[in-house]
Amino acid sequence: MARSTLTRLVLAPTAAVAALVGFAAAPAHAAIWTSSEQWGNYTTSDGYILYNNIWGSGAGTQSIWANSSSNWGVTANHPNTGGIKSYPNAKKIVNKPITSLSSLTSTYNVTVPSSGAYNTSYDIWDTDYDYEVMLWVNYNGAVGPLGTSQGTVTLGGHTWAVYKGSNGANEVFSFLRTSDSSSGTVNILPILKWIKDTKGWWGNETIGDVQFGYEITSSSGGLNFTTNGFKVSSS
């Protein structure tokens with residue numbers, strides 16, 4: 001069962017960033033940044049933060065590479081055991097209350113393996129990290145959301161199975177796309193407003209981070225996850 005933790009949000013101090021850059025596996029062409037360090041991170045020229053983020057227990061090895069916020073990927077070799085091992089991701093900081101947003105959308109395009117246990121997901125946080133909204137656009141293997149089923153809803157251009165739960169540190173609202181997708185556009189703001197106005201699960205929270213990446217439970221033998229396109233737009 002998937003769960004979330006604030007541990008994976010902890011970035012290494014700026015002074016240590018240089019030490020975090022390793023000689024990770026990279027794509028066929030030379031990437032502008034690679035790292036195999038647990039908390040390796042990199043800020044792109046357009047303000048996104050790439051993060052290797054190996055946070056779970058029993059993890060194996062993982063290398064991240066990036067050419068830009070919309071062209072990056074990981075090679076992960078995590079054992080075939082339960083429990084999330086990592087969430088390599090790209091993050092855009094929004095820092096706007098829900099009622100101050102007139103739009104919040106994102107596009108994605110990924111290439112993911114046919115084996116292993118993982119989900120490709122957005123991870124959206126309020127600035128206090130009291131609430132977490134996960135949007136799973138595809139998933140494979142023995143993975144599942146935290147909490148109990150809340151039925152299905154069509155929002156933001158997709159139909160989702162909704163789950164609500166808590167990991168002990170924060171409330172988690174998970175939206176699992178009812179069919180896998182490797183590319184598309186998500187209109188995120190209607191989802192956030194549905195949580196606030198229709199369900200009353202939170203108030204006028206200030207949306208902080210919009211993350212997108214791969215929550216990996218197992219990838220034995222070494223599997224590749226590639227982001228071919230990714231962008232967050234807000235106003």
Side-chain angles (χ1 to χ4, degrees), residues 1-5 7-12 19-42 44 48-91 108-123 134-146 167 174 176-184 211-230:
M1 178 174 291
R3 66 180 180 86
S4 302
T5 177
T7 304
R8 72 185 187 211
L9 298 171
V10 178
L11 291 175
L20 297 177
V21 178
F23 299 96
H29 56 283
I32 63 172
W33 173 73
T34 63
S35 178
S36 56
E37 296 295 331
Q38 181 177 12
W39 311 118
N41 62 91
Y42 170 75
T44 66
Y48 291 76
I49 300 171
L50 276 293
Y51 190 20
N52 202 27
N53 196 17
I54 308 168
W55 65 267
S57 61
T61 59
Q62 179 176 292
S63 301
I64 188 170
W65 60 265
N67 288 305
S68 67
S69 59
S70 60
N71 179 216
W72 62 276
V74 296
T75 298
N77 186 358
H78 298 302
N80 187 22
T81 55
I84 300 164
K85 310 301 190 301
S86 67
Y87 180 62
N89 68 86
K91 176 174 76 174
Y108 63 93
N109 184 304
V110 300
T111 302
V112 292
S114 58
S115 59
Y118 64 86
N119 65 70
T120 303
S121 57
Y122 289 87
D123 207 6
M134 295 201 75
L135 311 177
W136 294 23
V137 297
N138 62 59
Y139 43 99
N140 190 75
V143 295
L146 184 71
N167 60 25
S174 299
L176 280 62
R177 199 176 188 279
T178 55
S179 60
D180 284 344
S181 171
S182 60
S183 65
Q211 305 171 12
F212 178 79
Y214 311 96
E215 195 170 50
I216 305 171
T217 293
S218 66
S219 54
S220 182
L223 300 179
N224 294 313
F225 302 78
T226 304
T227 303
N228 308 301
F230 169 61

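None of the values given here were measured: they were computed from a predicted structure.
- Taking the side chain as every heavy atom from C-beta outward, I84 and W55 approach each other to under 4.5 Å.
- You'll find the side chain of W33 reaches within 4.5 Å of the side chain of I64, heavy atoms only.
- With a 4.5 Å cut-off on side-chain heavy atoms, Y42 and T34 do not count as touching.
- Closest of all the heavy-atom pairs between V143 and Y139 is CG2-CB, 4.1 Å.
- Side-chain atoms of N228 and S182, non-hydrogen and from C-beta on, never get closer than 4.5 Å to each other.
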Going through the checks in order, is the side-chain contact (heavy atoms from CB on, under 4.5 Å) test met by Y122 and V137?
CA-CA 8 Å; Y122 289 87; V137 297; 4.3 Å; yes

Before you tell me yes or no, could you show the steps for S36 and T61 under side-chain contact (heavy atoms from CB on, under 4.5 Å), namely the whole-Å CA-CA distance, both residues' side-chain angles and the distance that decides it to 0.1 Å?
CA-CA 8 Å; S36 56; T61 59; over 6 Å; no

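- A donor-acceptor distance shorter than 3.5 angstrom exists from the side chain of N67 to the backbone of I32, with no hydrogens or angles considered.
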Output, in order, the C-alpha distance, side-chain angles, deciding distance and verdict of side-chain hydrogen bond (donor to acceptor under 3.5 Å, both in side chains) for S86 and N53.
CA-CA 6 Å; S86 67; N53 196 17; over 6 Å; no

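- Ring centers of Y214 and W72: under 6.0 Å apart, within the cut-off.
- Looking only at distances, a side-chain donor or acceptor of N52 sits under 3.5 Å from a matching main-chain atom of E37.
- Closest approach of T44 to S68, counting heavy atoms only: CG2-C, 4.1 Å.
- Note that CG of N224 is 10.0 Å distant from OG1 of T111, once rounded to the nearest 0.5 Å.
- Checking S121 against E215 by side-chain atom types alone, no donor-acceptor pair falls below 3.5 Å.
- When all heavy atoms of Y108 and R177 are compared, the pair lying nearest together is OH-NE, 4.4 Å.
- Side chains of N167 and L146 form a contact here, defined as non-hydrogen atoms less than 4.5 Å apart.
- At least one side-chain heavy atom of Y87 sits under 4.5 Å from a side-chain heavy atom of Q211.
- Panel note: side chain S219, backbone H78; a donor-acceptor pair is recorded below 3.5 Å.
- Rounding to the nearest 0.5 Å places CH2 of W65 at 7.5 Å from OG1 of T227.
- Annotation for L223 and G116: closest pair CD1-CA, 3.8 Å, computed over non-hydrogen atoms.
- Checking side-chain atoms of N77 against main-chain N and O of T75 turns up no donor-acceptor pair under 3.5 Å.
- S181 and N138 share no side-chain donor-acceptor pair at under 3.5 Å.
- Taking the side chain as every heavy atom from C-beta outward, I216 and Q62 approach each other to under 4.5 Å.
- In this structure, CD1 in I54 is found 7.5 Å from OG in S63, a value given to the nearest 0.5 Å.
- Nearest heavy-atom pair across A31 and A66 is CB-O, 3.6 Å.
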